[in-house]
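Everything on this sheet refers to the single structure shown next.
Letters A, B, ... mirror the listed sequences (proteins, then strands); counts begin at 1. Computed from a predicted structure; not experimentally measured.
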Amino acid sequence: MSILDNLNPEQQEAVQCTEGPLLILAGAGSGKTRVLTHRIAHLIFEKKVYPGNILAITFTNKAAQEMRERLEKLVGIASQHLWVATFHSTCLRILRSEIKELGYTSNFVIYDDSDQQTLIKMILKEKNLDDKKYAPRTISNRISNYKNELKTPDAAQKEPDNNYFDDQIINIYDEYQKRLKNNNALDFDDLIMLTVLLFKEKPDILQKYQERFKYILVDEYQDTNTAQYMLIKLLAQKHKNLCVVGDDDQSIYQWRGADIKNILSFEEDYEETKIIKLEQNYRSTQNILSAANEVVKNNSRRKPKSLWTEKEGGDKIFYYTAQDEVDEAFFIVRTIRQILDREQKEYKDFAVLCRTTGQFRAIEESLIRSNIPYRVFGGTKFYDRKEIKDILAYFKIIANPLDEVSLKRVINTPKRGIGDTSWDKLVNYGALNGKTIYDVMAEPEEAGIATKTAKSIKGFKKLIDNFRELSKSDITFLTNKILEDTGYLQELQLEKTVEAETRLENLQEFLTVTKKYDIESQGDDLSTFLSEISLVTDIDNYDADEDAMVIMTMHGAKGLEFPIVFVTGMEENLFPHSRSINSNDPEEIDEERRLCYVALTRAEEKVYLTRAWKRTIYGRDAYNSPSRFIEEIPDKYLESSQARTREEKSSFYGKALNSPTPGSVETFSLGDKVEHNKWGEGVVVSVKGSGDDAEVSVAFPDQGIKKLISRYAPIKKV
DNA sequence: AAAACGCCGGTTTTT
DNA sequence: CCGGCGTTTT
């Protein structure tokens with residue numbers, strides 16, 4: 001049994017061609033992960049390369065994780081020495097040990113998007129700049145662009161055609177960067193940019209890593225930005241054993257700085273590049289593949305390719321025009337039900353893909369009503385929730401007292417009488433006397449703060465110092481300690497509102513994360529925990545084994561596959577998005593088109609395209625014409641239908657919804673024991689309203705308290 | 001300092 | 001239709 005078994009000739013060649021630069025153009029579903037993993041196995045077993053000399057880089061943790069799992073099966077114990085990671089975590093790891101060279105300390109924290117916004121707002125306020133004119137969002141985007149292009153504030157300043165506005169932006173960027181450094185904090189883009197700068201400034205450090213990574217593999221190369229490109233280039237310079245895999249048709253992150261030129265001109269960049277094309281698709285039927293090809297064919301500037309599959313024919317793509325987004329959602333429910341009745345399928349075989357996260361709600365609502373299990377990826381992220389961010393901010397200042405953004409966040413959360421005025425005094429006094437805010441907190445009177453508030457501040461500082469003493473203990477223990485000692489928990493418990501309940505549930509959820517971490521990590525410090533969390537996105541937690549259907553954005557779906565895929569919102573202004581339509585750069589429409597290609601090629605067996613005749617956006621009704629991408633699919637691959645008339649529709653829904661007939665709904669009262677068909681036995685802890693509209697809160701032993709509407713809830717008294 | 005109110009503005013995709 | 005933000009009130 002050889003590593004080359006079960007690989008087609010092109011794949012075999014890609015696996016065996018180990019020396020020198022190699023560009024693998026891998027079409028959708030052509031088995032690129034398979035090639036990458038087998039190539040690594042080949043390097044280890046046939047070429048006798050030490051696993052520690054191999055670096056494999058992906059974009060998402062999900063991809064890295066999958067690759068690690070497959071490698072474990074393929075090469076066993078040797079996989080432990082492999083370095084398989086995302087760009088960001090690779091750089092994080094390098095910086096944790098090397099960042100002293102750049103004047104930061106290794107306990108730096110990572111600022112996420114909202115931390116960045118906060119810091120930018122702070123700066124605008126200090127500079128007395130109008131945040132209407134200088135929208136924080138715009139500024140952070142601009143800064144991000146600079147960083148993705150490896151432009152420091154100094155370099156940006158030197159650009160020839162900067163106008164006044166640009167100059168202002170660059171001034172803010174400059175201050176922003178100084179503040180990050182003072183706070184001992186890095187934003188996402190810094191992880192990459194600073195690593196590259198470090199390599200450029202310290203050749204000896206670069207050399208160390210060049211020596212280490214004799215073989216480098218990069219997945220999704222079409223999504224690399226300038227900074228990532230340079231990182232790879234520097235690392236590969238010495239041994240030049242660089243293998244990149246990508247598909248220009250799946251480049252969907254140019255808005256985030258990805259430069260498609262990186263893949264289009266790879267062969268000019270690296271001398272004696274070998275190019276291998278993987279054109280056999282193992283995922284989709286011919287029909288789906290052809291339709292996707294017809295769409296993407298309308299783009300210029302493509303590498304020529306012709307994907308083919310052995311799965312001839314297949315179902316046509318079904319195109320449904322719904323009345324509105326509610327009808328669209330019910331079409332999905334109806335269709336899933338039908339298929340589940342007729343075929344051997346499970347919930348997890350279905351995915352609903354949306355252009356924007358705003359479309360999720362209507363779909364979720366109908367799935368809830370219909371009792372279809374689902375999971376949502378993207379949208380409001382777990383770690384973005386207020387209560388989670390609060391507890392993480394506590395962690396951050398414990399790990400790194402210099403972090404003013406987190407300090408500002410929690411110094412008065414929960415309320416302890418330290419308002420904006422006192423905060424400003426602390427900041428100003430510190431700035432004037434060259435002390436950190438945290439230092440000034442030891443003697444707030446010096447900053448002219450009233451005794452009462454001063455006492456409160458000192459109390460808070462003592463609290464944090466106390467937590468810091470405990471920072472070596474379990475994260476779970478520390479979390480509980482913070483929640484209790486700060487009064488955070490109590491405040492929420494006393495509130496007795498729906499929102500507070502949800503927050504408490506989320507904190508409970510967070511504690512399961514910390515417990516898991518405590519078991520898996522051996523004595524890693526708080527900084528490690530924090531940065532691990534900040535690099536994780538919800539999509540990384542996607543569990544393909546759970547029998548629930550999936551709702552996600554088209555972007556989030558890249559790299560995944562499902563038997564049946566709904567691509568929703570096929571309307572002009574939504575998909576392609578109005579922003580790209582209104583842009584004067586035609587490339588933006590092309591990117592939407594590639595996104596359409598990605599969405600279609602997620603499907604193995606069947607695609608449903610849906611569009612809504614009328615869609616409510618921000619309370620206003622929008623009537624959008626069908627997406628141009630629909631027109632680009634030839635009729636022979638399509639069959640279509642429209643929403644029924646109102647009368648038909650309501651009677652149909654009546655059946656489809658299988659809503660309980662009036663009178664069948666039980667009345668629940670406090671203390672009733674009930675049985676839920678998924679969560680088991682529980683006790684009613686509160687009832688709001690009456691009849692089938694009643695909102696019943698039930699405490700389940702393992703699930704915590706769940707709110708249920710009796711009309712829809714699958715519960716009965718026991 | 002904190003809560004309560006009312007206004008404007010804005011909405012793509014994410015490591 | 002939300003949420004964030006500034007203004008007013010307690």
Side-chain angles (χ1 to χ4, degrees), chain A residues 57-64 85-92 110-114 116-118 121 124-125 131-132 135-138 140-141 144 147-148 186-193 220 223-225 227-228 251-258 353-362 377-381 383-384 386 412-423 449-450 452-453 456 531-540 552-558 569 573-583 588 591-592 594-596 598-599 615-622:
Chain A
I57 296 196
T58 63
F59 269 82
T60 64
N61 293 301
K62 169 94 182 70
T86 63
F87 272 101
H88 289 84
S89 57
T90 298
C91 291
L92 173 69
I110 298 173
Y111 277 2
D112 66 17
D113 187 68
S114 70
Q116 290 180 53
Q117 298 293 313
T118 311
K121 282 176 201 164
L124 288 174
K125 206 173 150 196
D131 65 359
K132 301 279 179 331
R137 177 86 279 151
T138 313
S140 65
N141 282 335
S144 181
K147 291 186 175 181
N148 289 160
L186 271 62
D187 64 21
F188 285 133
D189 302 316
D190 277 341
L191 289 170
I192 318 279
M193 180 176 80
E220 308 278 16
D223 286 333
T224 50
N225 60 36
Q228 290 158 338
S251 159
I252 54 173
Y253 284 109
Q254 287 182 53
W255 57 274
R256 220 169 69 191
L353 306 185
C354 302
R355 174 68 251 262
T356 71
T357 54
Q359 297 167 245
F360 289 0
R361 182 172 299 183
F377 298 93
T380 322
K381 280 168 271 166
Y383 295 109
D384 278 349
K386 214 172 258 138
N412 205 27
T413 317
K415 304 267 178 284
R416 23 178 103 79
I418 309 169
D420 282 348
T421 342
S422 309
W423 172 259
I449 289 170
K452 196 176 153 207
T453 316
S456 182
S531 45
E532 246 172 59
I533 276 193
S534 50
L535 295 183
V536 167
T537 58
D538 292 357
I539 203 162
D540 301 325
M552 55 171 62
T553 62
M554 300 176 192
H555 284 85
K558 192 164 70 147
N573 292 319
L574 185 58
F575 189 38
H577 196 269
S578 54
R579 201 138 166 156
S580 58
I581 294 175
N582 298 330
S583 160
E588 292 203 22
E591 178 146 317
E592 297 277 315
R594 290 190 291 268
L595 188 56
C596 184
V598 169
R615 188 177 294 275
T616 314
I617 301 174
Y618 317 130
R620 271 191 55 228
D621 290 346

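- Residue A:Arg355 has no polar side-chain atom (N or O) positioned under 4.0 Å from OP1 or OP2 of B:dT12.
- Protein atom CE of A:Met552 is 10 Å distant from nucleotide atom P of B:dT14, rounded to whole Å.
- A:Arg137 has a carboxylate O that lies under 4.0 Å from a charged side-chain N of A:Asp113, or vice versa, which qualifies the two as a salt bridge.
- One N or O on the side chain of A:Asn412 and one on the backbone of A:Gly417 form a donor-acceptor pair closer than 3.5 Å.
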Sugar-phosphate or base contact per nucleotide [nucleotides 1-8 of chain B; S, B, -; heavy atom under 4.0 Å]: SSS-----
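- Along DNA chain B, the nucleotide closest to A:Asp189 and the one closest to A:Thr356 are compared, and the more 5′ of them pairs with A:Thr356.
- Evaluation of atom-type donor-acceptor distances gives a pair under 3.5 Å for the side chain of A:His555 against the base of B:dT13.
- Following rounding to the nearest Å, A:Asp384 (CG) and C:dC2 (P) show an atom-to-atom distance of 20 Å.
- Taking the side chain of A:Arg256 as heavy atoms from C-beta on, and the options C:dG4, C:dG6, B:dT14, the nearest nucleotide is B:dT14.
- Residue contacts for A:Lys452: at a heavy-atom cut-off of 4.0 Å it reaches no nucleic acid atom on any strand shown.
- Between atom NZ of residue A:Lys147 and atom CG of residue A:Asp187 there is a gap of 3.0 Å, rounded to the nearest 0.5 Å.
- Rounded to whole Å, the distance from OH on A:Tyr253 to P on B:dT14 is 6 Å.
- In this structure, CZ of A:Arg137 is placed 13 Å from P of C:dG4, rounded to the nearest angstrom.
- Taking 4.0 angstrom as the limit, A:Lys121 places a side-chain polar atom (N or O) nearer than this to OP1 or OP2 of C:dC5.
- Note on A:Thr357: every side-chain N or O is 4.0 Å or more away from OP1 and OP2 of B:dT12.
- Relative to the side chain of A:Asp131, the nucleotides C:dG6, B:dT14, B:dT12 differ in distance, and C:dG6 lies closest.
- With A:Ser583 contributing its side chain and A:Arg579 its backbone, the two residues share no donor-acceptor pair below 3.5 Å.
- In this pair, A:Trp255 lays its aromatic ring flat on the base of B:dT13, centres within 5.5 Å and planes under 30 degrees apart.
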Every protein N/O within reach of nucleotides 8-10 of chain C N/O, cut-off under 3.5 Å:
none

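- Atom CD in A:Gln254 sits roughly 18 Å away from atom P in B:dT12 (whole-Å rounding).
- Regarding A:Phe59, its CZ atom lies at a distance of 11 Å from the C1' atom of B:dT14, rounded to whole Å.
- B:dT13 atom P lies 20 Å from atom CG of A:Asn225, rounded to whole Å.
- Spacing between C:dG4 and B:dT13 at atom C1', rounded to whole Å, works out to 22 Å.
- Judged purely by distance below 3.5 Å, without hydrogens or angles, the side chains of A:Asp112 and A:Ser534 never pair a donor atom with an acceptor atom.
- Distances shorter than 4.0 Å separate none of the side-chain N or O atoms of A:Ser580 from OP1 or OP2 on B:dT12.
- Between A:Arg594 atom CZ and B:dT12 atom C1' there is a gap of 15 Å when expressed in whole angstrom units.
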